[in-house]
There are 2 protein chains.
Amino acid sequence: MTKTTYTIQEVSQLTGLTAHTLRYYEKISLIRGIERDANGYRLYSESDVAWLEFLIRLRETGMPIQEMIRFSSLRSEGETTVRQRRELLELHERSIRSQLADLYCHLGKIEEKIIHYKQLEEEHG
Amino acid sequence: MTKTTYTIQEVSQLTGLTAHTLRYYEKISLIRGIERDANGYRLYSESDVAWLEFLIRLRETGMPIQEMIRFSSLRSEGETTVRQRRELLELHERSIRSQLADLYCHLGKIEEKIIHYKQLEEEHG
DNA sequence: GTATCGTTTAGAGCGCGCTCTAAGGCAAGC
DNA sequence: GCTTGCCTTAGAGCGCGCTCTAAACGATAC
């Protein structure tokens, strides 16, 4: 039988988010409907953790929090919003591809600069 | 004869940085030794503009401003710091490659999610 | 001469995404 | 019953990278 709930500290360790940030994400509706135990302590489910990991992915790929809140809001409306969520995600996919292209371009220029410095070092160093 | 100096507005248009940001970059020593005309107005040279474009590249690849200031400081010390600048740049190159790898990984996961949504749409939509 | 620009400076303010504080509650250990 | 410790909340504070304001100055237009 696999464990089905996690305390805020456990989720913090699993996700790398601090307990402060986990409460903050709930306050701004990035994550919703977290259960509570008899003391009012948060109890996160497996699917809550999976959702947090997805949020982290969106953040690390540059999605602004407002857009993530929009996504979370669609998700809470249920199955009827699947298409809108897919479209939002496809838009974001294009943003990531564009970031990748920009980074490659920058990388090339920086490599050129490094080569330039190496030549300077050979000439004068 | 090619134009050799630019006003702050011209540099703003060339680089996309606002005049405010250009003054700010000078205040924090990201760019140094900008000439002045008789009225005390800034006069940027071609090489100032090239340096700004390099700074923009560093920033767009995630280098923190403190590290950019360090780079600018080394540059102002002259030729003897070429090696240190190259090393700093090589460190940054590795950072960019790591960003690229992470982005690719995230992209893959997001594509999977999109496929998952498409399946949901076929089943229930 | 005066109104309109664009410039200068020092320094305040802002938006983002957290990050932390204060004050209080419950539970277990001694 | 008191200490320790982790939890709760509302709300203040922070670091980054700008972004803007206020006050003053000089050049040009009329």
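Atoms considered below: every heavy atom in the structure, side chains included; atoms not considered: hydrogens, waters and symmetry mates. All chains are named by letter (A, B, ...) in the order of the sequence lines, taking the proteins before the strands, and each is independently numbered beginning at 1.
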Point to revise | Spacing between B:Arg23 atom CZ and C:dT8 atom C1', to the nearest angstrom | key: 7 Å

Point to revise | Separation of atom CD in B:Glu10 from atom P in C:dT7, rounded to whole Å | key: 10 Å

**Study point:** In one Ile/Leu/Val/Met/Phe/Trp/Tyr side-chain cluster, 4.5 Å: A:Ile56, A:Leu89
**Key:** yes

Point to revise | Contacting residues from residues 94-101 of chain B, given that a heavy atom lies under 4.0 angstrom of DNA chain D | key: none

Practice item. Would you kindly confirm whether A:Leu43 and A:Leu17 end up in one hydrophobic cluster when ILVMFWY residues are joined by side chain heavy atoms under 4.5 Å apart? Key: no

Check your understanding: Do A:Ile96 and A:Leu91 share a hydrophobic cluster (ILVMFWY, side-chain heavy atoms under 4.5 Å, transitive)?
Key -> no

Study note, to complete from the structure: The first and last nucleotides of DNA chain D lying within contact of chain B, meaning any atom under 4.0 Å from one of its heavy atoms, run from D:dG17 to D:dA27

**Study point:** Within residues 57-70 of chain B: residues closer than 4.0 Å to DNA chain D (heavy atoms)
**Key:** B:Arg59, B:Pro64, B:Ile65

Review point. Just checking, any donor-acceptor pair under 3.5 angstrom between side chains of B:Glu10 and B:Tyr44?
Key: no

Point to revise | Qualifying residue, where the test is salt bridge (Lys or Arg N to Asp or Glu O under 4.0 Å) with B:Arg86 and the options are A:Glu121, A:Glu122, A:Glu111 | key: A:Glu121

Point to revise | By side chain to side chain donor-acceptor pair (under 3.5 Å) - contacts of B:Ser76 (at least two apart) | key: none

Exercise for review: Answer with yes or no whether the side chains of B:Arg32 and B:Ser72 bring together a donor and an acceptor at under 3.5 Å.
Suggested key: yes

Revision key, fill the gap. Assert: residue with more 5' nearest nucleotide on DNA chain D, out of A:Ala19 and B:Tyr24, is A:Ala19

Review point. What is the distance from CD1 of B:Ile34 to C1' of C:dT7, rounded to the nearest Å?
Key: 15 Å

Check your understanding: How long is the span from the CG atom in A:Leu107 to the NE2 atom in B:His92, to the nearest 0.5 Å?
Key -> 9.5 Å

Check your understanding: So does B:Glu90 pair up with B:Arg85, basic N to acidic O under 4.0 Å?
Key -> no

Check your understanding: In whole Å, what is the span from the CZ atom of B:Arg36 to the P atom of C:dT8?
Key -> 6 Å

So which protein N/O to nucleotides 4-6 of chain C N/O distances come out below 3.5 Å?
from  : atom 1 : to      : atom 2 : distance (Å)
C:dG6 : N2     : B:Tyr41 : OH     : 2.9

Practice item. To the nearest 0.5 angstrom, please state how far the OH atom of A:Tyr25 sits from the CH2 atom of A:Trp51. Key: 11.5 Å

Practice item. List for me each residue that meets side chain to side chain donor-acceptor pair (under 3.5 Å) alongside B:Thr18, sequence neighbours excluded, and say none if there are none. Key: B:Thr21

Review point. Is there a path of hydrophobic side-chain contacts, each under 4.5 Å between heavy atoms of I, L, V, M, F, W or Y residues, that connects A:Ile114 with A:Tyr104?
Key: yes

**Study point:** Common cluster, A:Ile110/A:Ile115, ILVMFWY with side-chain heavy-atom separation under 4.5 Å
**Key:** no

**Study point:** Residue-phosphate contact under 4.0 Å: A:Asn39 side-chain N/O, C:dA27 OP1/OP2
**Key:** yes

